[in-house]
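For reference, the structure is listed below as structure tokens.
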Amino acid sequence: MARTAPATVQFSTMNDSLPPASPAAKSRHALLSLAASFGFTWGFVALGVAGLTALGMDYHESEKGLMLLAFVVFLPLFLWAFACARPAWALVLLGTGAAGMTAAAWALQRAVLA
Amino acid sequence: MFNNFRQAMTWLHTWMGLLLGFVLMVCFFFGSLAVFDREIDRWAIPQTRFEPQPMPSFDKLLLPILQKLEPDAKDYADNMPLLHDSAKGPMTPRLELPPDEYWAYTTHRDPVLTMGAGFRVPLAKNPDDHNHIHGDTTIDPRSGARVRDDALKIGSRWFYPLHYSLNWTWKDIGYWIVGLAAFTMLVALVTGVVMHRRIFREFFTFRPRKHTQRSALDLHNLTGVVALPFHFFFAFTGLVIFASFFYFPVSHTLLKPLHDRHEAHEAQATGLPHERSGQAAPLASVDAMVLEAKRRWAARDMAGEVGFLQVHHVGDANGYVSIFRAGSDRVALVGEGIHFKASTGGVLREDPPRTVVSEINEFLTGLHLQHFEHWLLRWLYVLGGLLGCVCIATGFVFFVEKRKAAHARAGSAGSLVVDALAVATVTGMVIAAVGMLVVNRLLPADTVGKGDWERLAFWGFWVLALLHALARSGPVAQARLNPAWREQCWALSGLAVAAVGMNWATTGDHLMRTVFTHTYWPVAGVDLSLLAAAGIAAWSARKLALREQGSPTPLSTAQVAEAAHV
């Protein structure tokens, strides 16, 4: 005879499950996660190249290194942003990181060129 | 939005995989064909069926041809208005553009030699940029005879670029779509592992006699797992190869000032001038430079032939010649470049040993681009690519099989549309490729614009396959198999046999000749592959016919209508 969960557990599970989101909402969330994690990776690449060059590494060497790392960073970030229990928080975090690192890369470049 | 991580991963796997899977099929299939792109070129242009040649004399053979090259009219029309600054003066006419760069390239698999020139834009908007209008040509290196410009190299100029750009170069949109598809492949592989926790068991599970949905899922899992490292590697390195050009072009945008300063410093450090001096200078013997380069490579215990040769700042005192070794005896895509002063022939620089980052990068990209000589590994690449196609195609079949009964009851057209797109992407795509080869053999070699007709035939076959799949998709709305799968398998089988027959009829190169009496593996290999494809397609068509006979009784119109109102 198959074992069934007690009624209280079944009820609790039903209460804990999230209301189903529409396919459009899920697609929108996937696109936003993609854009935010791409932006974050862009900032990471820019800051990485500028930073390593500022530390004395050859420009093209740092560029190659960061291109190898870019998708290693981008992939888990996207999966995390999409699956995160607090999606808005993930998007804000990634967006802030993207803007911050891009600005830092630009500032670092100015300092190096000055 | 999702109750747990696994549910989120399942959603991504299903819907991203479905949406970009159609593009991934193109990447994997034409990527597989690209492994033998030069051999397909030989099949498509019979006058180039001879053995690969070393780089011929630059001074005697290549230079006179390069000096007669003209800037490409289309390149001029498209790019000259973008590069030229009209505030500085009138636009230089196309045929008056001065040459700034010459190059020549050959491979161990290519009998013909590709060469070209970059022509300088005199009054450029941004003089610091690489302002070139290009003109290139292909020659028979034994005689210098030019291969007709409109003879399309179907392998290297059509199938190969399809797999990374979809041959859709407007605004580089093809590269972006393929990039998104490659990223989707990475997502699909990771999410697939998360979804299927019993990955080891699935590696050994295939039940071909079960119903289509079960068999398709087994095969999807098996091919996904067995070639998982291969799929991940190719999607990943494909992205890395184009990352700095398209996906993360920080050096051309945000960090351009830093990049440009580095280029100037590099030119100073290496002694290779970044700019023209403005003083005219003659070109010394490039053949003598080639001899010296070969002597230096041999001294470093890596004797070899020239693969790529480039003359920079043509006719200027700052001109220099870069000679790179054909590195077909190793994986990493490197050329041990030696650079000479163009006016004197003196050595300016030898490329130093690579750093660790460059070693890793060039090994990974070299493994993707496979310029090395290793025929078994090449065939394993084809096998891996085709396993990728099987994985994606069975994903489509599983998607449709899982939903078509429910969609039929609900009156939804979802399964019907996905199934028709799957037919067009699986059998339709192969029909387009093989149909293009048939048209290549049908059209006489001197047909004006032959390449354009072949391209048109390719798209025409593909559109016809899609229309046929849509027109025959009625049974899917009744939860049955689309007969277009079977019919297109027969069409493919017929076209593949016709291509082999047409090759024999138009060139005299039948298999007895290309395998036994006058062995020429590039053409024999394409013919044998076409016959294998014909056999597999015919076998599949027969199996599909059996499945169709055993498919469930169609739902009656009344049942479908009733279900649609539930």
Side-chain angles (χ1 to χ4, degrees), chain A residues 13 16-23 25-30 33-34 37-38 41-50 52-54 57-72 74-76 78-87 102-103 105-106 108-110 112-113, chain B residues 1-12 14-16 19 179-180 182-187 189-191 194 232 235-245 247-251 253-263 265-266 269 354-362 364-365:
Chain A
T13 307
D16 287 348
S17 64
L18 298 169
S22 69
K26 288 173 183 168
S27 305
R28 198 166 48 242
H29 179 49
S33 303
L34 191 69
S37 46
F38 178 78
T41 312
W42 172 280
F44 170 78
V45 167
L47 184 59
V49 173
L52 288 174
T53 308
M57 193 170 176
D58 176 83
Y59 182 91
H60 284 128
E61 292 298 308
S62 24
E63 187 188 29
K64 280 179 194 169
L66 266 299
M67 293 305 155
L68 286 171
L69 284 177
F71 292 95
V72 178
F74 187 13
L75 178 62
F78 167 66
L79 297 177
W80 168 74
F82 183 74
C84 185
R86 296 164 66 192
T102 305
W106 180 78
L108 197 55
Q109 175 181 234
R110 283 193 60 165
V112 170
L113 292 177
Chain B
M1 195 165 287
F2 296 98
N3 287 318
N4 53 53
F5 182 69
R6 199 155 158 242
Q7 210 178 65
M9 295 299 100
T10 304
W11 190 91
L12 275 181
T14 305
W15 295 103
M16 268 188 94
L19 189 66
L180 187 57
F183 184 70
T184 299
M185 189 71 196
L186 300 182
V187 169
L189 291 169
V190 173
T191 53
V194 174
F232 196 95
F236 176 74
T237 50
L239 285 166
V240 170
I241 287 168
F242 288 114
S244 60
F245 298 102
Y247 312 132
F248 298 106
V250 289
S251 299
T253 51
L254 183 74
L255 301 183
K256 190 170 187 309
L258 191 60
H259 170 263
D260 289 353
R261 195 191 69 165
H262 168 80
E263 293 269 291
H265 280 182
E266 191 177 48
R354 288 162 290 145
T355 61
V356 175
V357 176
S358 286
E359 288 263 8
I360 296 170
N361 184 59
E362 279 149 10
L364 292 178
T365 52

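Reckoned from all heavy atoms, side chains included, excluding hydrogens, waters and symmetry mates. Naming: A, B, ... by sequence-line order, numbering from 1 per chain. Given the structure is predicted, the values throughout are model-derived calculations rather than measurements.
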Worksheet item: Which of these, F232(B), F242(B), F248(B), sits in a ring pair (Phe, Tyr, Trp, His ring centres under 6.0 Å) with F71(A)?
Response: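 Single pass found, and it is F248(B).
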
Toward chain B, the part of [X] with a non-hydrogen atom under 4.5 Å:
X	result
F78(A)	side chain
L34(A)	side chain
S62(A)	neither
A30(A)	side chain

Discussion item. Quick check for you: among G65(A), P23(A), S27(A), which has the greatest number of heavy-atom pairs under 4.5 Å with chain B?
Written reply: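 Going by pairs under 4.5 Å, I would pick S27(A).
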
Discussion item. Check this for me: R6(B), atom CZ, are more than 12 non-hydrogen atoms of other residues, nucleotides or ligands nearer than 6.0 Å?
Written reply: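 More than 12 within 6.0 Å, yes.
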
Worksheet item: Knowing that exactly one of K64(A), H60(A), E63(A) qualifies, which makes a side chain to side chain contact (heavy atoms under 4.5 Å, CB included) with N361(B)?
Response: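 With N361(B) as partner, side chain to side chain contact (heavy atoms under 4.5 Å, CB included) holds for just one option, K64(A).
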
Fill in: Candidate list L186(B), V190(B), V194(B), test side chain to side chain contact (heavy atoms under 4.5 Å, CB included), partner L79(A), passing option
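Among L186(B), V190(B), V194(B), the one meeting side chain to side chain contact (heavy atoms under 4.5 Å, CB included) with L79(A) is V190(B).
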
Least distance between heavy atoms, [X] atom then [Y] atom:
X	Y	answer
L255(B)	A46(A)	CD1-O, 3.6 Å
L254(B)	Q109(A)	O-NE2, 3.0 Å
P257(B)	L113(A)	CB-CD1, 3.4 Å

Worksheet item: Do S251(B) and Y59(A) have side-chain atoms, one donor and one acceptor, less than 3.5 Å apart?
Response: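 Y59(A) and S251(B) do have a side-chain donor-acceptor pair below 3.5 Å.
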
Practice prompt. Return the option, out of L239(B), T253(B), T237(B), with the maximum number of heavy-atom pairs under 4.5 Å with chain A.
Written response: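 Top option by heavy-atom pairs under 4.5 Å: L239(B).
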
Could you tell me which portion of [X] (side chain, backbone, both or neither) has an atom closer than 4.5 angstrom to a non-hydrogen atom of chain A?
X	result
L364(B)	side chain
F236(B)	side chain
H259(B)	both
V356(B)	neither
W15(B)	neither
T191(B)	side chain

Worksheet entry | Separation between CH2 of W11(B) and NE2 of H29(A), rounded to the nearest 0.5 Å |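 Output value for this atom pair is 9.0 Å.
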
Worksheet entry | Aromatic ring proximity, centroids under 6.0 angstrom, F5(B) and F82(A) |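 That pair fails the under 6.0 Å test.
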
Worksheet item: Quick one: does E266(B)'s side chain have a donor or acceptor within less than 3.5 Å of a partner on D58(A)'s backbone?
Response: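 Pair absent, no side-chain N/O of E266(B) close to backbone of D58(A).
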
